[in-house]
Chemist: 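Got a structure for you, questions after.
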Amino acid sequence: MNEIPGDLKFMKSHEWARIEDNGTVTVGISDHAQSLLGDLVYVELPSVGDEVQAGNACAVVESVKAASDVYAPVSGKVVAVNSALADKPETINEDAYGEGWIFVVKPSNLAEEQEELLDPDAYAELIESEEH
Amino acid sequence: MTRKTVLNQTHRALGAKMVDFGGWDMPLHYGSQIDEHHAVRRDAGMFDVSHMTVVDLRGANTRPFLRRLLANSVDKLKVPGKALYSCMLNEHGGVIDDLIVYYLAEDFFRVVVNAATRDKDLAWLERQAKAFDVVVSERADLAMIAVQGPNARAKVQSLLGPALRERAAKIGKFVAAEGDGLFIARTGYTGEDGYEIIVPETQAVELWNRLLAAGVKPAGLGARDTLRLEAGMNLYGQDMDENVTPWEAGLAWTVALDDGRDFIGRAALERQRADGVRREMVGLVMDEKGVLRHGQRVITPVGDGEVLSGTFSPTLGKAIAFARVPTGAGARVAVDIRGREVPVRVVKYPFVRDGKACAGV
């Protein structure tokens with residue numbers, strides 16, 4: 001099990017969110033999620049400018065095995081997407097919390113919505129309980 | 001209850017991710033199914049296929065029994081050791097299962113059927129065998145390891161005693177040799193050369209470990225699925241079942257309408273062919289990014305079809321699939337992927353042979 005970085009927040013559906021110093025939120029899927037999916041072969045990204053709602057699907061990651069929706073942890077406008085994933089989706093397998101980020105949101109309701117997210121310890125407990 | 005093969009602990013010790021497959025706890029991959037896929041295409045990989053059902057058929061009337069049971073003709077089997085791929089049909093021409101039958105002696109044939117269909121297959125075999133006085137015995141005491149890839153045969157041969165090594169080296173494709181308690185068949189489900197080795201359970205772990213030491217890479221069901229689909233091989237339950245005839249599943253080549261042989265399902269097949277077969281199985285390639293998957297709708301000028309087996313082909317770097325479509329759908333169709341109509345090409349399969357894309361794919 002890889003260390004979970006302490007500055008991340010998580011959804012129960014295995015997305016991570018990092019609140020950056022400039023107030024934007026970077027989103028990806030957890031290392032646990034990538035290991036469940038296996039080798040990723042395709043990522044369908046949102047478009048810059050899209051408005052996303054917390055809890056709604058806004059990207060898709062596909063492994064050889066399955067397609068999986070990626071849900072937005074917070075509402076807001078998409079201000080950046082990781083277009084490098086189009087050619088190298090396996091980056092998510094290799095570095096889920098770093099180079100494997102998927103998109104960045106400028107949040108519209110962060111203060112309230114971040115309360116709904118799990119801290120790293122609570123997320124670690126969640127995946128522990130799913131495994132047993 | 002989940003069943004385990006004798007190699008279960010060995011897979012776990014190798015770090016396999018395990019999944020339920022037809023009631024069996026089997027390895028999906030040992031880290032990366034794409035790496036395992038490439039290992040088989042480029043060197044040698046091995047699969048635990050002990051979950052498959054080995055059934056021995058004995059009795060003086062075994063050949064007449066198989067003439068009646070199978071859509072392909074066991075009369076093609078003239079030399080002991082020779083194998084044949086066939087469907088076993090119901091009276092409506094629907095596929096009960098696909099299997100490999102080995103001719104070992106006039107009173108002794110061996111069939112290998114799928115794991116998920118074990119119970120109904122055994123019941124069907126027992127029922128049909130009665131009239132021929134053929135004894136049907138499942139060989140649960142046997143394990144099976146498939147070793148596949150361009151270097152697979154050499155690596156297996158390096159582990160055999162001199163006499164068996166010589167025989168194994170000589171056998172042609174779709175032929176088996178026996179010795180030292182091993183049943184070695186030059187068959188497989190990957191499109192690569194190699195062997196499927198039937199081994200007593202008591203010796204299976206040792207054989208696996210010797211293959212591992214010889215540089216054969218363990219590969220899971222994930223790679224097995226992408227390899228067989230690239231090779232254009234059907235998967236029972238996904239590409240055909242009891243509601244589908246061989247005509248509709250790309251399996252016409254396995255049906256022998258030889259003179260006067262009254263096999264189960266023949267009348268229905270002949271009737272369907274006379275009436276016109278309305279659906280056919282085709283190969284699809286998608287040049288856009290994304291993955292074709294089982295159940296996706298295929299849109300054609302003559303009506304909708306459905307993706308049967310679909311996956312990402314590691315060798316081609318794009319999605320491939322089998323689909324069942326109305327006959328005469330033409331070469332250019334589209335697949336509905338999450339509400340988007342993505343154009344795909346209808347191609348002849350296999351998609352990959354000898355590690356490379358086939359012409360037109």
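In what follows, every heavy atom counts, from backbone to side chain, and hydrogens, waters and symmetry copies are set aside. We name chains A, B, ... by the order of the sequence lines, and we start the count at 1 in each one. Because the structure is a prediction, the values reported are computed rather than measured.
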Chemist: So for E44(A), is it side chain, backbone, both, or neither that comes closer than 4.5 Å to the heavy atoms of chain B?
Modeler: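 Looking at E44(A), just its side chain touches chain B.
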Chemist: Give the member of G38(A), P89(A), A67(A), S63(A) that has the highest number of heavy-atom pairs under 4.5 Å with chain B.
Modeler: A67(A)
Chemist: Please classify the contact between V43(A) and chain B as side chain, backbone, both or neither, with a heavy-atom cut-off of under 4.5 Å.
Modeler: neither
Chemist: Classify the ring geometry of Y97(A) against F10(A): parallel below 30°, tilted from 30° to 60°, perpendicular beyond 60°.
Modeler: perpendicular
Chemist: Please confirm whether the backbone N or O of A249(B) pairs with a side-chain atom of N234(B), one donor and one acceptor, at under 3.5 Å?
Modeler: yes
Chemist: Would you please classify the geometry between the H14(A) ring and the H32(A) ring as parallel, tilted or perpendicular, with 30° and 60° separating the classes?
Modeler: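 The arrangement is tilted - the two ring planes meet at 30° to 60°.
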Chemist: L28(B), D225(B), V291(B), T226(B): which one forms the most heavy-atom pairs within less than 4.5 Å of chain A?
Modeler: V291(B)
Chemist: Using a strict threshold of under 4.0 Å (side-chain N to carboxylate O), is an ion pair present between K289(B) and D87(A)?
Modeler: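 A salt bridge links D87(A) with K289(B).
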Chemist: Between R338(B) and D69(A), does at least one N-O distance fall below 4.0 Å, as a salt bridge requires?
Modeler: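 No.
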Chemist: Please flag which part of S32(B) lies under 4.5 Å from any non-hydrogen atom of chain A: side chain, backbone, both or neither.
Modeler: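 Interface part for S32(B): both.
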